[in-house]
K.L.:
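Below are the structure tokens for one structure; questions will follow.
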Amino acid sequence: MLDRVLVKRSPDFSMRPLEQSFFARPTEMVARQLLGQWLIRQSEDGLTAGVIVETEAYGGPEDLASHARAGRTRRTQPMYGDVGHAYVYLVYGMHECLNVVAYDDARAGAGAVLLRALEPVAGVELMRRRRGRATDPHARLCAGPARLCQAMEVDRSFGAHDLTARERLWLAAPPEQAGPVEIATGPRIGVDYSGEWAARPWRFWIPGHPSVSRR
DNA sequence: CGAATGATACCCT
DNA sequence: GGGTATCATTCGG
């Protein structure tokens, strides 16, 4: 079951990024379909990449678990902006989190998908260096939204960065379309304050995958 | 299990 | 313009 999901092949980095239209759909649909896609980072130090194995959908102002609930502020501006662009924020005063802006304009005026975990597939040693801890098991290098940002060297300077351009940081479909990926759903993490919104099953992950943040 | 750590939003002046 | 409660987490004891 896992073999179908784990990527054993070297990535072909000439592949086309996901198009902007991919992100112009209901946010939770995009969150589902991002599972199995690639996140690729080209930095001066080298190339790192991973397969997305865990996401969460955050809606517009009506979603009390979403940063967009604050309206259009300087911080949340990207959530209301171009789909397919990045929204990066700081939590707990120390951790960066990477989101892709995604929403269906006819239905919602804002939204983003939080990338919570990757299976590392390229540049693993560089990831380890960036993380600064030699003891991280391979599968745990990007297991969590802040670890992901650390290993991929993503910070708030990527705010509003276009993730559909093949430049520095982008999203792409796998070289060959893998078979249908089994998807588990559940409530989003750490949003208990949001009343009935906390119960929505807007967290998506590949069941049993060793790189998912919570087993 | 709980401390670390600081930007953000929001409610005051 | 200033004070402060609130965090979409992680790591070490």
Side-chain angles (χ1 to χ4, degrees), chain A residues 23 26-32 34-35 39 50 52-81 83 85-103 108 110-120 127-161 163 171 184-206 210-215:
Chain A
F23 304 97
T27 309
E28 60 273 26
M29 186 183 300
V30 176
R32 278 179 177 276
L34 277 172
L35 294 178
L39 179 68
I52 298 169
V53 298
E54 182 183 355
T55 61
E56 282 177 2
Y58 287 88
E62 71 286 351
D63 177 4
L64 297 182
S66 172
H67 285 176
R69 73 188 180 278
R72 216 176 172 124
T73 66
R74 187 157 82 251
R75 182 203 202 193
T76 62
Q77 181 69 25
M79 285 193 80
Y80 290 80
V83 299
H85 288 217
Y87 168 49
V88 186
Y89 64 86
L90 190 71
V91 270
Y92 302 125
M94 53 180 115
H95 300 300
E96 320 263 351
C97 295
L98 171 63
N99 299 251
V100 196
V101 177
Y103 55 93
V113 177
L114 172 65
L115 304 185
R116 286 193 54 91
L118 306 178
E119 174 194 339
M127 288 185 185
R128 213 182 282 285
R129 266 205 307 284
R130 287 173 177 154
R131 291 268 305 140
R133 51 191 63 251
T135 58
D136 268 356
H138 177 133
R140 308 304 292 167
L141 282 166
C142 302
R147 291 174 176 181
L148 183 158
C149 283
Q150 224 180 341
M152 297 291 273
E153 198 177 42
V154 171
D155 60 22
R156 282 162 293 163
S157 70
F158 281 91
H161 175 83
L163 296 169
L171 289 156
T185 70
R188 295 169 287 182
I189 301 218
V191 297
D192 292 346
Y193 57 85
S194 61
E196 55 181 311
W197 292 90
R200 300 241 175 166
W202 283 2
R203 175 178 176 233
F204 306 95
W205 69 94
I206 297 177
S211 295
V212 169
S213 65
R214 300 193 182 182
R215 314 293 316 266

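In what follows, every chain begins at residue 1, and chains take the letters A, B, ... in the order their sequences are listed.
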K.L.:
First contact, last contact: which nucleotides of DNA chain C are these for chain A, 5' to 3', heavy-atom distance under 4.0 Å?
P.N.:
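Using the under 4.0 Å cut-off, the span is C:dC7 to C:dG12.
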K.L.:
Taking all non-hydrogen atoms of both residues, which atom of A:Val191 and which atom of A:Arg188 are closest, and how far apart?
P.N.:
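Taking A:Val191 first and A:Arg188 second, the nearest heavy atoms are CG2-O, 3.6 Å.
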K.L.:
For A:Arg147 and A:Ala68, find the nucleotide of DNA chain C closest to each by heavy atoms; which residue's nucleotide sits nearer the 5' end?
P.N.:
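Nearest nucleotide further toward 5': that of A:Ala68.
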K.L.:
Could you tell me whether A:Arg156 contacts a base, only the sugar-phosphate backbone, or nothing, with contacts defined as non-hydrogen atoms closer than 4.0 Å?
P.N.:
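Sugar-phosphate, no base atom in range.
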K.L.:
Please name the pair of heavy atoms, one in A:Tyr193 and one in A:Leu64, separated by the smallest distance, quoted to 0.1 Å.
P.N.:
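Looking at all heavy atoms of both residues, the closest pair is CE1-O, 3.5 Å.
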K.L.:
Go nucleotide by nucleotide along DNA chain C from the 5' end; which of A:Asp136 and A:Tyr193 gets its closest nucleotide reached first?
P.N.:
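Its nearest nucleotide being more 5', the pick is A:Tyr193.
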K.L.:
Tell me which one of A:Ile189, A:Thr55, A:Val53 satisfies side-chain contact (heavy atoms from CB on, under 4.5 Å) with A:Arg116.
P.N.:
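Exactly one candidate clears the test, A:Ile189.
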K.L.:
So what does A:Arg203 hit on the nucleic acid, given a heavy-atom distance under 4.0 Å: a base, only sugar-phosphate, or nothing?
P.N.:
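If one applies the 4.0 Å heavy-atom cut-off, A:Arg203 turns out to touch nothing in the nucleic acid.
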K.L.:
For A:Ala102 versus A:Val30, what's the shortest heavy-atom pair and its separation?
P.N.:
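Scanning both residues completely, I find the closest heavy atoms to be CB-CG1, 3.8 Å.
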K.L.:
Name the nucleic acid region contacted by A:Leu90, choosing base, sugar-phosphate or nothing; use a 4.0 angstrom heavy-atom cut-off, strictly under.
P.N.:
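Since only primed, P, OP1 and OP2 atoms lie under 4.0 Å of A:Leu90, the category is sugar-phosphate.
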K.L.:
Return one dot-bracket line describing DNA chain B 5' to 3' (Watson-Crick or G-U wobble pairs, both distances under 3.5 Å; ( ) same strand, [ ] crossing, | another strand, . none).
P.N.:
||||.|||||||.
K.L.:
Touch check for A:Arg188, heavy atoms < 4.0 angstrom, all strands: base, sugar-phosphate only, or nothing?
P.N.:
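It contacts nothing in the nucleic acid.
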K.L.:
Rounded to the nearest 0.5 Å, what's the gap from CG on A:Leu34 to CG on A:Leu39? Could you check?
P.N.:
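Separation between the atoms: 9.5 Å.
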K.L.:
Rounded to the nearest 0.5 Å, what separation is found between the OG atom of A:Ser66 and the CD atom of A:Glu56?
P.N.:
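Answer rounded to 0.5 Å: 11.5 Å.
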K.L.:
Which value, rounded to the nearest 0.5 Å, describes the distance between A:His138 atom NE2 and A:Ser211 atom OG?
P.N.:
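If I round to the nearest 0.5 Å, the distance is 6.5 Å.
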K.L.:
Using the test salt bridge (charged side-chain N to carboxylate O under 4.0 Å, His left out), find all partners of A:Arg140 that sit at least two apart in sequence or belong to another chain.
P.N.:
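Result, salt bridge (charged side-chain N to carboxylate O under 4.0 Å, His left out) vs A:Arg140: none returned.
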K.L.:
If you compare all heavy atoms of A:Asn99 against all heavy atoms of A:Ala112, which two are closest, and at what distance to 0.1 Å?
P.N.:
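It is CB-CB, 3.9 Å.
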K.L.:
Within the side chain of A:Arg130, is there an N or O that forms a donor-acceptor pair under 3.5 Å with the backbone of A:Ala151?
P.N.:
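Yes, because the side chain of A:Arg130 sits within donor-acceptor range (under 3.5 Å) of the backbone of A:Ala151.
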K.L.:
What protein N or O atoms touch nucleotides 10-13 of chain B N or O atoms at under 3.5 angstrom, if any, and at what distances?
P.N.:
none

K.L.:
How many Å lie between CG on A:Asp155 and C1' on B:dG6, as a whole number?
P.N.:
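Nearest whole value for this atom pair: 15 Å.
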K.L.:
Rounded to the Å, how far apart are A:Arg72 CZ and B:dA9 P?
P.N.:
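It is 14 Å, rounded to the nearest whole Å.
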K.L.:
Counting the benzene-type ring for Trp, do A:Tyr89 and A:His67 have ring centres under 6.0 Å apart?
P.N.:
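Centroid separation for A:Tyr89 and A:His67: below 6.0 Å.
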K.L.:
With sequence neighbours excluded, tell me which residues meet side-chain contact (heavy atoms from CB on, under 4.5 Å) with A:Glu96.
P.N.:
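By the side-chain contact (heavy atoms from CB on, under 4.5 Å) rule, A:Glu96 matches A:Val88, A:Leu90, A:Cys149, A:Asp155, A:Arg156.
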K.L.:
Show the distances under 3.5 angstrom between N or O atoms of the protein and N or O atoms of nucleotides 1-4 of chain B.
P.N.:
none

K.L.:
How long is the span from the CZ atom in A:Arg200 to the CD atom in A:Glu196, to the nearest 0.5 Å?
P.N.:
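Here the rounded value is 7.0 Å.
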